[in-house]
Structures are given as C-alpha cells and as structure tokens.
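All remarks here apply to the structure that follows.
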Amino acid sequence: MAALSIYALTGAALVGLGFFGLLAARHLLRRVVAFNLIGSGLFLYFGAAATRGAAPDPVPQALIITGIVVALAASALAVALVVAQVRAAGRATLPEEEDAP
Amino acid sequence: MTAALGLALDAALCALILGVALAVVAGRGVFRAVVFFIVYGLLAAVAWVRLDAVNVALAEAAIGAGLTGVLLLAAHGRLRRAEAAQDLAHGMPWSAALAGGALAAALGWAWFEMPIPVEPGPELAEALPRAGVGNPVTAVLLNFRAWDTLLESIVLLAALIGVWMLAREGDWREPLGRPQHARPGGVMAGFGRVLPPVGLLVGVWLVWAGADHPGGAFQGGTVLAAVGLVAVLAGVIRPPWIGAPLWQGALVLGPAVFLLAGIAGAVLAGGFLTLPEGFAKPAIVTIEVALTVSIAVTLAFLVLGPPEAEGAG
C-alpha cells in the first residue's frame with residue numbers, strides 16, 4: 001500500500017508538472033510534450049488505484065492501454081497542426097504570445 | 001527485508017521519474033525536452049512493471065517512449081529553423097506554478113480519500129474462464145469491453161484523416177512523410193537492414209502470445225509499425241501515397257473485421273459484439289490479427305505525417 005501511494009503521488013505530481021509546463025511553455029512542441037506528461041501522470045495515478053485490491057484489476061489496465069494509444073494519435077494530430085502553423089506563420093509560438101513580456 | 005528493499009526501489013524510481021519530468025518542463029531547449037520525455041517514457045515503463053501491469057509496460061515502452069519519441073524528434077528536426085528565441089516564458093511564471101501545484105495537491109488529497117474497492121470484482125473472475133483467452137487484459141479489450149476497442153480503432157483512423165487533411169494541395173500524390181535519405185553504409189542504413197527482421201518476429205510473437213501472456217494487438221502492432229518506420233527512415237522501403245488501394249485496405253481491415261464480428265454476434269449470439277462461448281478464442285484471434293495489421297499501418301502513417309514533396313518548406 002505504501003508503495004502504491006508513492007506511485008499515485010508521483011502521478012499526481014506529474015499531472016501538476018505537466019499542467020505547469022502546458023501553461024509556462026511558449027514553443028508549441030513543448031506544449032504537446034507537457035500535455036503528454038499530464039496524460040501519463042493520470043495513467044500512473046489510475047494504474048496505482050487499480051492495484052489496490054487483492055490482485056491487479058485488468059479493466060483499468062485495458063483502459064490505460066487504450067488511453068496510451070489514443071494519446072499517440074492525438075499527439076500526432078497536434079504535431080501535424082504545429083508543423084502547419086509554422087509553415088503558415090513561420091514561428092512555433094502563438095501570435096498573441098509572441099511579444100508578451 | 002525484501003519489502004523494505006522494494007519500497008526503496010520504488011521511491012528511487014519515482015524520484016528519478018519526477019526529476020526527468022522536471023527536466024522535460026523546465027529545461028532550456030526544445031530538443032532537451034523531447035529527449036528527456038523519451039527517457040521519461042522508459043522509466044514509466046519500469047514503473048508499470050513494478051505495478052504488476054506488464055501489458056501496460058509494453059504499451060508504454062513501445063508507444064509512449066518509442067513512437068511518440070520518433071514523432072517529436074522528427075517534428076523538432078523540421079521546426080529547428082523556426083525555433084523561437086525563447087521557448088519558455090520570461091522569468092518564473094508563478095501563476096502557472098500555483099495552478100500546477102494546486103492540481104497536484106488536489107489529486108494527492110483525493111488519493112487518501114478514495115474508498116478502497118474489493119478488486120477485481122467477482123464478476124470478472126467468474127467470466128474469465130469463458131472469455132476464450134487467458135490474458136485478462138486481452139479478455140477485457142477484445143471481449144468484455146470490445147466496444148471501447150472498436151471505437152478506439154476508429155478514433156485512430158479519424159486522427160489519421162485529420163493529419164492527412166493538413167497536406168498541401170500539390171503534395172497530395174507524393175509518398176507519405178518527408179523524403180528520407182540515409183547515408184549508405186551509415187548507422188541508419190545498417191539498422192534498417194538488421195532491425196526489421198528481428199522486430200517482425202517480436203511483433204508477431206507479441207500478438208500471438210497476447211492471448212495468454214502479456215502482449216496483444218496494440219503492443220505487437222506498435223512494434224510492427226516501428227519496423228516499418230525504421231525501414232522507411234533507412235531508405236530501404238518507400239512509403240506509399242494516400243490513394244494506394246492495398247494500404248487503404250490495410251487501414252480499414254481491423255475495424256471492418258471487428259464490426260463484422262460484432263454484427264455476427266448480434267445475429268448469432270443475441271447481442272452486438274457478444275462472442276459465443278465456443279467461438280470466443282478463434283474469433284478473438286481473428287479480430288486481433290486484423291486489428292494488428294490496421295494498428296501497425298495506422299500508427300506508422302500517423303508518425304510519418306502528411307505527404308510532402310522533396311525540398312518543400
């Protein structure tokens with residue numbers, strides 16, 4: 001149980017770190033990476049919760065695998081959008097943040 | 001003694017994970033963030049093994065660290081010229097730190113407030129012998145919660161169509177992705193010849209073994225996608241163009257077989273996606289093989305990106 005709490009709290013901290021990264025980053029690719037960190041932290045939290053019973057519960061594990069695959073699909077779409085934005089605007093940041101202090 | 005040792009290992013692993021994650025969000029430079037994210041994915045896979053979730057560990061290592069890493073590295077290579085002078089905000093963004101800290105604290109608090117369930121539910125233990133496969137995660141993915149997996153395979157297709165829509169009009173008939181050139185006799189060209197046969201074997205084994213051991217269509221399909229990507233990056237094979245009929249067939253094979261099996265279940269077994277007990281194992285293996293083909297091709301195409309002409313932007 002103590003070990004599970006370590007992993008759950010790590011997951012919680014990862015969500016916080018990822019959220020911080022999502023807000024603090026300017027470069028859009030870094031935001032995609034930070035968003036992946038949030039998702040991965042949630043999976044870890046969820047996975048630790050799934051292991052609390054007598055034996056690991058396969059239902060959450062199957063959902064996490066589904067989640068990992070969908071996260072990759074979403075990241076691929078996000079990266080393609082970032083590339084399209086760079087092609088159109090010539091920079092990898094959002095226009096309203098370009099010269100913000 | 002062993003328990004204390006295990007706890008120490010868990011604590012050290014989590015400390016490493018958090019340190020690497022900190023480097024991902026706070027380190028200078030986009031390249032550094034991407035490389036640390038790949039390291040993070042590998043460490044997370046070890047964490048999944050410690051949580052008794054080997055199926056998830058395989059998926060995390062292959063997808064979280066592997067394919068996502070290739071995707072991000074390739075994108076970084078493309079965007080290098082457009083890299084902003086500053087990739088992080090000026091100074092310390094206190095409001096973002098506060099928001100992230102509050103979110104983490106709320107989740108941490110919720111962990112100790114959650115009731116502890118009796119797991120896994122008795123219904124699952126009772127139903128597992130009738131599922132047709134011994135790996136409980138595969139049983140959940142392809143039998144008990146087949147709806148989720150069917151829709152997921154369609155989500156992958158939707159994402160791929162979204163990526164393709166970002167291609168420029170003139171590039172429509174070009175091969176997928178950027179044109180790749182590997183130095184003859186270089187590391188990549190060597191890898192491109194040595195790795196694919198080994199990867200092919202590992203990928204097919206993961207799918208086949210996934211019925212009763214850790215593995216399955218997603219893990220095996222990802223390894224096969226990686227095999228294709230290595231071969232393309234090394235210049236051994238050329239990716240097809242969007243309209244190639246054989247490849248389009250491979251993309252929809254998995255969802256189509258899955259849907260047909262679901263409809264057959266509705267006619268024969270009294271419910272959409274219900275697998276009759278005697279046919280569960282052959283049905284699951286057939287669906288898994290078809291799904292693996294589609295997952296492998298879809299993931300490889302997603303990572304390659306929209307078609308692009310030589311020398312374009």
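Proteins get letters first, then strands, A, B, ... in listed order; numbering begins at 1 in each. Keep in mind that this is a model prediction, so the values were computed, not measured. Note that these values count all heavy atoms, side chains included, but never hydrogens, waters or copies made by symmetry.
Each of A:Leu22, A:Val82, A:Val79 has some count of heavy-atom pairs under 4.5 Å with chain B, and the biggest count is that of A:Val79. Between chain B and the residues A:Ala80, A:Ala62, A:Ala74, the most heavy-atom pairs under 4.5 angstrom are made by A:Ala62. In terms of heavy-atom pairs under 4.5 angstrom with chain B, the leader among A:Ala78, A:Ala48, A:Gly39 is A:Ala48. In terms of heavy-atom pairs under 4.5 Å with chain A, the best-connected choice from B:Gly41, B:Ala53, B:Gly162 is B:Ala53. Between chain B and the options A:Val69, A:Val70, A:Val33, the largest number of non-hydrogen pairs under 4.5 Å is found for A:Val69. Among A:Thr10, A:Leu28, A:Val32, the residue with the largest count of heavy-atom pairs under 4.5 Å with chain B is A:Thr10. The candidate with the highest count of non-hydrogen atom pairs below 4.5 Å against chain A, out of B:Ile63, B:Val163, B:Leu51, B:Leu9, is B:Leu51. Your options are B:Ala158, B:Ala26, B:Gly100, and the one with the most heavy-atom pairs under 4.5 Å with chain A is B:Gly100. For the set A:Val15, A:Leu37, A:Leu77, the count of heavy-atom pairs under 4.5 angstrom toward chain B peaks at A:Leu37. Interface check for chain A: of the options B:Thr222, B:Thr68, B:Leu13, B:Leu71, the most heavy-atom pairs under 4.5 Å are formed by B:Leu71. When each of B:Leu98, B:Ile295, B:Val56, B:Leu302 is checked for heavy-atom pairs under 4.5 Å with chain A, B:Val56 comes out on top. Across B:Leu58, B:Val155, B:Leu72, the residue that shares the most heavy-atom pairs under 4.5 angstrom with chain A is B:Leu72.
No side-chain heavy atom of A:Ile68 sits under 4.5 Å from any side-chain heavy atom of B:Phe218. Looking only at side-chain heavy atoms (C-beta outward), A:Ile64 and B:Trp48 come within less than 4.5 Å of each other. When side chains are defined from C-beta on, A:Thr66 counts as touching B:Leu141, because their heavy atoms get closer than 4.5 Å. Under the 4.5 Å side-chain criterion, counting only non-hydrogen atoms from C-beta, A:Val83 is not in contact with B:Leu166.
For A:Leu81, the parts lying under 4.5 angstrom from a heavy atom of chain B are both the backbone and the side chain. With a 4.5 Å cut-off on non-hydrogen atoms, B:Phe112 touches chain A through its side chain but not through its backbone. Contacts between B:Gln219 and chain A at a heavy-atom distance below 4.5 Å involve the side chain alone, from C-beta outward. Using a 4.5 Å cut-off between heavy atoms, B:Met114 contacts chain A through both its backbone and its side chain.
Nearest heavy atom pair, residue A:Ala12 against residue B:Ala104, reads O-CB, 3.3 Å. Of all heavy-atom pairs spanning B:Ala96 and A:Phe20, the tightest one is C-CD1, 3.5 Å. Residues A:Gln61 and B:Asp52 share a closest heavy-atom pair of NE2-O, 3.6 Å. Across all their heavy atoms, B:Glu152 and A:Ile65 have their closest contact at OE2-O, 4.3 Å.
Separation of atoms CG (B:Leu67) and CG (A:Leu72) is listed at 5.5 Å; rounding is to 0.5 Å. Considering CG of A:Leu17 and CG of B:Leu18, their distance stands at 6.5 Å, rounded to 0.5 Å. To the nearest 0.5 angstrom, A:Leu9 atom CG is 14.0 Å from B:Trp109 atom CH2. Rounding to the nearest 0.5 angstrom, the gap separating the SG atom in B:Cys14 from the CG atom in A:Leu44 is 7.0 Å. The OG atom of A:Ser40 sits 10.5 Å away from atom CG of B:Leu43, with the distance rounded to the nearest 0.5 Å. Here the straight-line distance linking atom CG of A:Leu4 with atom CG of B:Asp10 works out to 8.5 Å at 0.5 Å rounding.
Formation of a donor-acceptor pair under 3.5 Å by the A:Tyr45 side chain with backbone atoms of B:Leu107 is found in this model. Although no hydrogens or angles enter the test, the distance criterion places no donor-acceptor pair under 3.5 Å between the side chain of A:Arg30 and the main chain of B:Val34.
Counting non-hydrogen atoms of other residues, nucleotides and ligands closer than 6.0 Å to CZ of B:Arg145 gives a total of 12 or fewer. Atom CZ of B:Phe36 has 12 or fewer heavy atoms from other residues, nucleotides or ligands within 6.0 Å.
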